[in-house]
Structure formats: structure tokens, C-alpha cells
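What you see is a predicted model, and the numbers here were worked out from it, not measured in a lab. When a residue number appears, it is its place in the shown sequence, counting from 1.
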Amino acid sequence: MKKRILVTGGAGFIGSHLCKRMLDEGNEVICLDNYFTGAKENIISLLDNPYFELVRHDITEAYYAEVDEIYNLACPASPVHYQYNPIKTMKTSVMGAINTLGLAKRVNAKILQASTSEVYGDPTVHPQPETYWGNVNSIGPRSCYDEGKRCAETLFMDYHLQNGVDVKIIRIFNTYGPNMNPEDGRVVSNFIVQALKGEDITIFGDGKQTRSFQYVDDLVEGMVRLMATPNGFWKPVNIGNQNEFTMLELAQNILKITGSKSELVFKDLPQDDPKQRQPDISRADKYLDGWKPKVQLEEGLKKTIAYFDSIL
């Protein structure tokens, strides 16, 4: 059955892939974006689809439409962008949640919050299960994003408990793929751009801190499956790849695929940067029909590098 779907942040990296998936499944899609980090280039191939509607809108202001499902992805997600205007970042998370939840309540829509592994802060538990409450600095340089997303999760639960809104909360771990902003400051895009340009690859710290990288298609599959869970399933669900890599291993992989002669350069680790990040995905396996990431790092990096090579 055709559904009417609202995707906030729909012209962004993840949102553009989600919009395409929803259209491919025969749905109508309203894509909302203010283009702070999103870009029309990401969704330009969708504009000819009669069931796709693009709206320039800032989600800190109320939006009204008759929809069946809402995916709330609107928020800058890389440190470079969310630290540029921390007050605006917090307002986007908090007011964006209030506005989209208010819409969901009015039109009786399902709503999914794109939360983040950053709610775990610099974790003292490894890997991180959804039951872990986190280790977040509430007054640090990253807190506008970390605490904004934590507050949004609180609002989602409160709207569910107080108003019966059918909410879904997904905690997204490091994700990469085509349509990433080459200037977003995230480690995968940074390394790829530097390697393709033959510049020094900048590694913060000793390069031994780890991340778990998932390809965007695996994330979108997890989002769709979570949205399809029954009314009343509100538990947060981690979506990420459990394979853990050091920053050095990531850089070496990218150098190998690109054939770049870039040198590795080490700089001081930013404040509150987590040393380890790996999801416990047993809840996703249990509740999302055995969801597991399928795309391995080398395969995903090749597709992502090909994308960056085409736009640089």
C-alpha cells in the first residue's frame, strides 16, 4: 500500500538514500531540508519522480502535512558542522523533535527519530548496548549534539507515554557512503578526500582509537525495518557494524584502494573524542528480523571512493 512519508533532512547524506528507497518501494515522499548540510545534488535524480516533493524548510519551525510516517533526520551530524552554531544545533534537535512529534500526534503518524551513538559519549562499557546510559560531558564542545540527541530521545518517550504516539528510536553508529559531504570533517570523508588529492592524511591522537563503520545501505535497511515494527515497540535500537577498525587501519585501507602516496600526519586528539565505539546489535538481530550489516568495509570504501572521485 502506498504511504505518504515525510523525511526531514531528506537532502542530506542519509536522508537522500532513504528518500530514494521509499520512492523505489512505491511511496509518496516529502523531503524537507534547509540545506545547511544537505544539498540538492543529493536528490536531483529524484526530482522528476511525480511522487517526490522537495520543500525548503527549517524544522525548528512547525510544518503541517498529512502523512503516514515521519523520519526525523534533520540535524547536522559532523563535529565541524554541529559545532559551527551549537545553539542552532541544540534547537534543531529539541525544537525539531517537538515539531515533528506534534505533527505525528495530530495526524496519527508513526515517527522515527534518527538518534546517534553519541548519546553514549566516551563509553566506559564496550561494546555499547542500548541499556547503557552513557558517559557524556554536558558542557563540552560536543555536547550541543550529544545532549540535543539525548533530549530528543526523552521527548520521543514522553510523547509516547503521555500522548500514545507510535515512536521509534534508532541509534546510528558511524556510517559512510556516497552523498557524504566532502567537507563534513568526518574521518572517512576526510581520509578519502586527502588521499585523492595527494595531501597528508590527518590522524588525531595515536591512531589506535577505534570505530565501527557501516555502509549507508545497511543503515537504511535497519531504519525501514525499525519503522515496520508493531505499534508499542519503542525501545531504542543500535544500528551499526560490529567490525572494529583503528584509525590507522582505516587510513591504510584507503591508501591501498586509492593507490595514493599521501603521508600520515598525527595531531592532538580533540576534547571528548571517544576512544572506542562499537555497537551491541543483539537487539536489532532480535527485533528487526535478524538485521545484520552486509557490506564489508573494503566493498563500501570502493563505492564511496568512486563517488568522491566523481565529484572532486
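- No donor-acceptor contact under 3.5 angstrom links the side chains of E69 and N27, judged on distance only.
- Taking 4.5 Å as the limit, every side-chain heavy atom of V7 sits out of range of all side-chain heavy atoms of I70.
- Residues E299 and K294 are not paired through a salt bridge, judged by the lack of any N-O separation under 4.0 Å between the basic side chain and the carboxylate.
- With respect to the salt-bridge test (charged N to carboxylate O, under 4.0 angstrom), the residues E118 and R171 do not qualify.
- Between the side chains of Y287 and K235, at least one donor N or O sits under 3.5 Å from an acceptor N or O.
- Between L312 and V193, the closest side-chain pair of non-hydrogen atoms falls below 4.5 Å.
- By the 30° and 60° cut-offs, the orientation of the rings of F173 relative to Y120 is tilted.
- Judged as a side chain to side chain donor-acceptor pair (under 3.5 Å), the pairs with a partner in residues 177-197 (not counting sequence neighbours) are, in order, S16-N179, D184-R186, D184-S189, Q194-T202.
- Remark: H81 engages S78 in a side chain to side chain donor-acceptor pair (under 3.5 Å) (not counting sequence neighbours).
- Taking 4.0 Å as the cut-off between side-chain N and carboxylate O, K302 and E298 count as a salt-bridged pair.
- When each of N174, N241, T175 is checked for a side-chain hydrogen bond (donor to acceptor under 3.5 Å, both in side chains) with Q214, only T175 meets the rule.
- For the side chain to side chain contact (heavy atoms under 4.5 Å, CB included) test, residues two or more places apart in sequence or in another chain that qualify with D200 are E263, V265.
- Applying the side chain to side chain contact (heavy atoms under 4.5 Å, CB included) rule to M90 yields the partners V94, E147; only residues at least two apart in sequence or on another chain are considered.
- With sequence neighbours excluded, the residues that form a salt bridge (Lys or Arg N to Asp or Glu O under 4.0 Å) with D68 are R4.
- A salt bridge is absent between D146 and R150: the closest approach of a Lys/Arg side-chain nitrogen to an acidic carboxylate oxygen does not fall below 4.0 angstrom.
- K2 and E28 are not joined by a salt bridge, as no carboxylate oxygen comes within less than 4.0 angstrom of a charged side-chain nitrogen.
- Between D289 and R225 there is no salt bridge, since none of the side-chain N atoms of the basic residue sits less than 4.0 Å from a carboxylate O of the acidic one.
- With sequence neighbours left out, D166 forms a salt bridge (Lys or Arg N to Asp or Glu O under 4.0 Å) with K168.
- The aromatic rings of W234 and H160 are tilted relative to each other, their planes meeting at an angle between 30° and 60°.
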